[in-house]
Visitor: 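Can you keep this structure in mind? I'll have questions shortly.
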Amino acid sequence: MRSGAHFDVAVVGAGAAGMMAAAVAGQRGLRVVLIDHATRLAEKIRISGGGRCNFTNLGASPAQFVSRNPDFCRSALRGYGPADFLDLLRTHGVAWHEKHRGQLFCDDSSESIIEVLRRECAVGQVAWRMPCAVQSVAREADGFVLQTDGGAIRAAQLVLATGGTAIPQLGATDFSLRVARRFGLKIVEPRPALVPLTFDAAQWQPYAALSGVALEVRLSHESAPADGAAGRPARTGGKRRQVGRTEFLEDLLFTHRGLSGPGILQISSFWRPGDPLHIDLAPGQNLAEALLEAKSGSRQTLLTALSALWPRRLAEAWLATEFPAGAPHSSPGAAPAVPAGRMVAGDSAAHRAARASDSARAPQSVPTSPRLADLPDRQLRALAERIQGWTVWPTGTAGYKKAEVMSGGVDTDELDQRSLQAHRCPGLHVVGEAVDVTGWLGGYNFQWAWASGVACGRSLKAGSRP
Ligand SMILES: Cc1cc2nc3c(=O)[nH]c(=O)nc-3n(C[C@H](O)[C@H](O)[C@H](O)COP(=O)(O)OP(=O)(O)OC[C@H]3O[C@@H](n4cnc5c(N)ncnc54)[C@H](O)[C@@H]3O)c2cc1C
């Protein structure tokens, strides 16, 4: 007689995906145990969306997910989409509203989402082990045995739902990845994503003064063909991957250490060390034409013209790089004082040389702005080009402590897309953020957690009763 409690399913991780999988399986009559090491339930749901949980996005489709196989999430999303989650909220009387571009938030607090999931688990008579740490997981002939703080737990099937490693201060761990690896599953290298980007401190120092300045920009990034980042899916060597140009029209925020804001968080999921980012600081405009038009018959200064476009602090800083104190405002035909309009940080010799020239023209003081009428057309056109094609080379990210998610995770090649079961380890399932499926900012990550949890919960089987 073997010791320990016996279940059809053990789910490790009582977050968004784990609770959903446990509730669905429990409501189908399976004996489910849900194990979590945290003392407080579902912290990431609680803090999400500024405490109101951006729980889904009306436009959710595979196009908003980054993965080595962008089609992998299709089946789960089709099986359980935003409308299904809204039905669930309706059943529980949870009020919500749309904020921005299909992003749905709770009217009250994210606690109501946690409560919905807790109640759904109760309906499914899910057994709880929390707080409870899992020391080891081993395979047995008819399932898995978990050694935990609360003794041995045996289950015919195991669901890994411990999410990603973002915000380790909330107890995030790489448990799912370690167990998956032990059972021979391949892992796509995990990285912080939806994360601020940082720059070399010395290089950024002049821009740190712009901390707090925010504006809408168009950000773009080109994925190198080899890195499998994002954009248009392609097929190489039999493996699906994504290459191409990715663009976001979103807000950008200057910080003490670099760049943040929704636009930067979005593009960070595609960015790789060494990559430049291209930023159009006047999106949707023909800035050259607008400046030339403003020039004719006007006594307007360049600072006034740019301040109409941007927060004044940015206009001043930009002009300080274009026209450093003491430099002549214009000399027809000469290169502008700040020719490149770009900030460089990187390790190559070219980057170092450019860095050196950039520090020489960092913003120093509020310039006396030249009048538009005093500037040659050619200089205004070149200025507009630099503003609409600002190129920056981040040196890193703010790391997992500041990231909203981890990208990468268990390779989708290892999993069945309908059940999230591992091909090479029957009975083992992986759901949620631990899988190499990362949503854009805007409610997509929770939608993946719900959809993958439901797909898994529907496919789990009743084991033989001990
Ligand atoms: C600050 C912040 C804000 C966010 N806002 C949003 C948002 O508004 N919209 C959105 O779509 N996404 C948002 N996200 C992302 C979203 O929270 C996650 O993608 C989602 O929670 C992933 O669900 P999951 O079930 O896979 O993992 P989680 O919800 O993270 O759950 C994992 C669970 O596993 C437990 N666990 C971890 N390690 C172990 C272990 N070793 N043993 C036992 N248990 C363990 C944890 O305690 C946790 O309860 C946000 C993330 C952060 C950090």
Side-chain angles (χ1 to χ4, degrees), residues 10-22 33-57 60 64-65 82 85 96 99-100 102-106 110 113-114 117-118 128-137 146-150 153 159-179 192-196 262 265 269 398 400-407 409-410 420 429-454 456:
V11 180
V12 186
M19 279 201 278
M20 194 56 124
V33 61
L34 189 45
I35 307 163
D36 201 296
H37 68 170
T39 44
R40 221 166 158 208
L41 182 59
E43 282 284 30
K44 283 200 185 161
I45 300 180
R46 182 171 291 105
I47 62 168
S48 66
R52 296 225 160 136
C53 188
N54 176 196
F55 56 80
T56 192
N57 192 300
Q64 296 90 30
F65 291 88
F85 195 73
W96 51 269
K99 206 165 173 183
H100 177 61
Q103 300 168 10
L104 305 188
F105 288 76
C106 298
S110 20
I113 301 287
I114 300 174
L117 295 167
R118 199 204 302 264
W128 287 86
R129 299 286 186 277
M130 189 183 160
C132 177
V134 180
Q135 278 90 38
S136 67
V137 178
L146 284 66
Q147 297 301 336
T148 77
D149 282 353
I153 293 176
V159 180
L160 300 175
T162 59
T165 48
I167 320 283
Q169 57 274 38
L170 280 186
T173 72
D174 64 349
F175 179 90
S176 295
L177 305 192
R178 275 187 278 124
V179 174
L194 300 183
V195 64
L265 299 192
S269 300
Y400 284 117
K401 278 190 175 172
K402 300 280 180 197
E404 281 207 6
V405 292
M406 169 191 86
S407 71
V410 174
L420 286 301
H429 297 68
V430 193
V431 294
E433 203 179 305
V435 181
D436 172 36
V437 172
T438 307
W440 291 1
L441 192 73
Y444 302 103
N445 284 297
F446 279 130
Q447 185 54 48
W448 167 245
W450 317 137
S452 60
V454 169
C456 173

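First listed ligand is number 1; within each ligand, the first listed atom is number 1. Index from 1, following the sequence.
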Visitor: Any donor and acceptor pair, going by atom type alone, linking the side chain of T165 with main-chain N or O of A172 inside 3.5 Å?
Guide: no
Visitor: How far is atom 36 (N) of ligand 1 from its nearest protein heavy atom, and which residue and atom is that?
Guide: H37 NE2, 3.5 Å
Visitor: Within a distance under 4.0 Å of any heavy atom of E433, pick out the atoms of ligand 1 and give their elements.
Guide: 18 (C), 19 (O), 20 (C), 22 (C), 26 (O)
Visitor: Find out whether V137 and L146 are in side-chain contact, i.e. whether some heavy atom of one side chain is under 4.5 Å from a heavy atom of the other.
Guide: yes
Visitor: Kindly indicate whether the side chain of R46, heavy atoms from C-beta on, has any atom under 4.5 Å from the side chain of I113.
Guide: no
Visitor: List every atom of ligand 1 that sits less than 4.0 Å from any heavy atom of A161, numbering the atoms from 1 in the order shown and giving each element.
Guide: 32 (C), 33 (C), 34 (O)
Visitor: Should A172 be listed as contacting ligand 1, given a heavy-atom distance under 4.0 Å as the test?
Guide: no
Visitor: Can you tell me which residue and heavy atom of the protein come closest to atom 30 (O) of ligand 1, and the distance to 0.1 Å?
Guide: K44 CD, 3.5 Å
Visitor: Short list, please: which atoms of ligand 1 are under 4.0 Å from a heavy atom of I47?
Guide: 1 (C)
Visitor: Is any side-chain heavy atom of F85 less than 4.5 Å from a side-chain heavy atom of L104?
Guide: no
Visitor: Using a 4.0 Å cutoff against the non-hydrogen atoms of A38, which atoms of ligand 1 qualify?
Guide: 47 (O)
Visitor: Can the ring centres of W450 and F446 be said to be less than 6.0 Å apart?
Guide: yes
Visitor: Restricting to non-hydrogen atoms, name the atom on I167 and the atom on K401 that form the minimum distance, rounded to 0.1 Å.
Guide: CD1-O, 3.4 Å
Visitor: Decide yes or no for H37 and V134: does some side-chain heavy atom of the first lie under 4.5 Å from some side-chain heavy atom of the second?
Guide: no
Visitor: Is the shortest heavy-atom distance from the side chain of V431 to the side chain of V159 under 4.5 Å?
Guide: yes
Visitor: Just to confirm my output: which protein heavy-atom neighbour is closest to atom 48 (C) of ligand 1, and how far is it?
Guide: D36 OD2, 3.4 Å
Visitor: Once you round to the nearest 0.5 Å, how far does SG of C53 lie from NZ of K44?
Guide: 13.0 Å
Visitor: Considering distance alone, does some N or O of C132 sit under 3.5 Å from an N or O of ligand 1?
Guide: no
Visitor: How far is atom 51 (C) of ligand 1 from its nearest protein heavy atom, and which residue and atom name does that atom have?
Guide: E404 O, 3.1 Å
Visitor: Is V134 near ligand 1, meaning one of its heavy atoms is under 4.0 Å from it?
Guide: no
Visitor: Tell me, do P196 and L265 make a side-chain contact under 4.5 Å, heavy atoms counted?
Guide: yes
Visitor: Specify the protein heavy atom at minimum distance from atom 27 (O) of ligand 1: its residue, its atom name, and the distance to 0.1 Å.
Guide: G163 CA, 3.4 Å
Visitor: Please verify whether a non-hydrogen atom of A166 lies at under 4.0 Å from ligand 1.
Guide: no
Visitor: Considering only heavy atoms from C-beta outward, does the side chain of L117 approach that of I45 to under 4.5 Å?
Guide: yes
Visitor: Looking only at distances, please establish whether an N/O atom of ligand 1 is found under 3.5 Å from an N/O atom of S48.
Guide: no
Visitor: Given Y400, Y444, F446, W440, which one has a non-hydrogen atom that is nearest to atom 7 (C) of ligand 1?
Guide: F446
Visitor: Out of S452, A403, G409, A16, whose heavy atom is nearest to atom 29 (O) of ligand 1?
Guide: A16
Visitor: Could you tell me which atoms of ligand 1, counted from 1 in the order shown, lie closer than 4.0 angstrom to a heavy atom of V405?
Guide: 15 (C), 19 (O)
Visitor: For ligand 1, which atoms have a heavy atom of G49 less than 4.0 angstrom away?
Guide: 5 (N), 8 (O)
Visitor: Under 4.0 Å from a heavy atom of N445: give me the atoms of ligand 1 that qualify, with their elements.
Guide: 11 (O), 12 (N), 19 (O)
Visitor: So if I apply the side-chain contact (heavy atoms from CB on, under 4.5 Å) rule between R129 and each of D36, L34, T148, I153, which one comes out positive?
Guide: I153
Visitor: Students should be able to answer this: which protein heavy-atom is nearest to atom 31 (O) of ligand 1, and at what distance?
Guide: G15 CA, 3.2 Å
Visitor: Considering the heavy atoms of N54, write down every atom of ligand 1 situated less than 4.0 Å from one of them.
Guide: 7 (C), 8 (O), 9 (N), 10 (C), 11 (O)
Visitor: Are L194 and N445 side-chain neighbours, meaning at least one heavy-atom pair lies under 4.5 Å?
Guide: yes
Visitor: Below 4.0 Å from ligand 1: does a non-hydrogen atom of A133 turn up there or not?
Guide: no
Visitor: Is there a donor-acceptor pair closer than 3.5 Å between any side-chain N or O of S269 and the backbone N or O of A193?
Guide: no
Visitor: Can you tell me the protein heavy atom closest to atom 41 (N) of ligand 1 and the distance?
Guide: T173 OG1, 3.2 Å
Visitor: Of the listed options (I167, V431, N57), which comes nearest to atom 53 (C) of ligand 1 when hydrogens are ignored and any heavy atom counts?
Guide: I167
Visitor: So for ligand 1, is A17 a polar contact partner (N or O within less than 3.5 Å, distance only)?
Guide: yes
Visitor: Closer than 3.5 angstrom, by distance alone: can the side chain of D149 be matched with the main-chain N or O of C132 as a donor-acceptor pair?
Guide: no
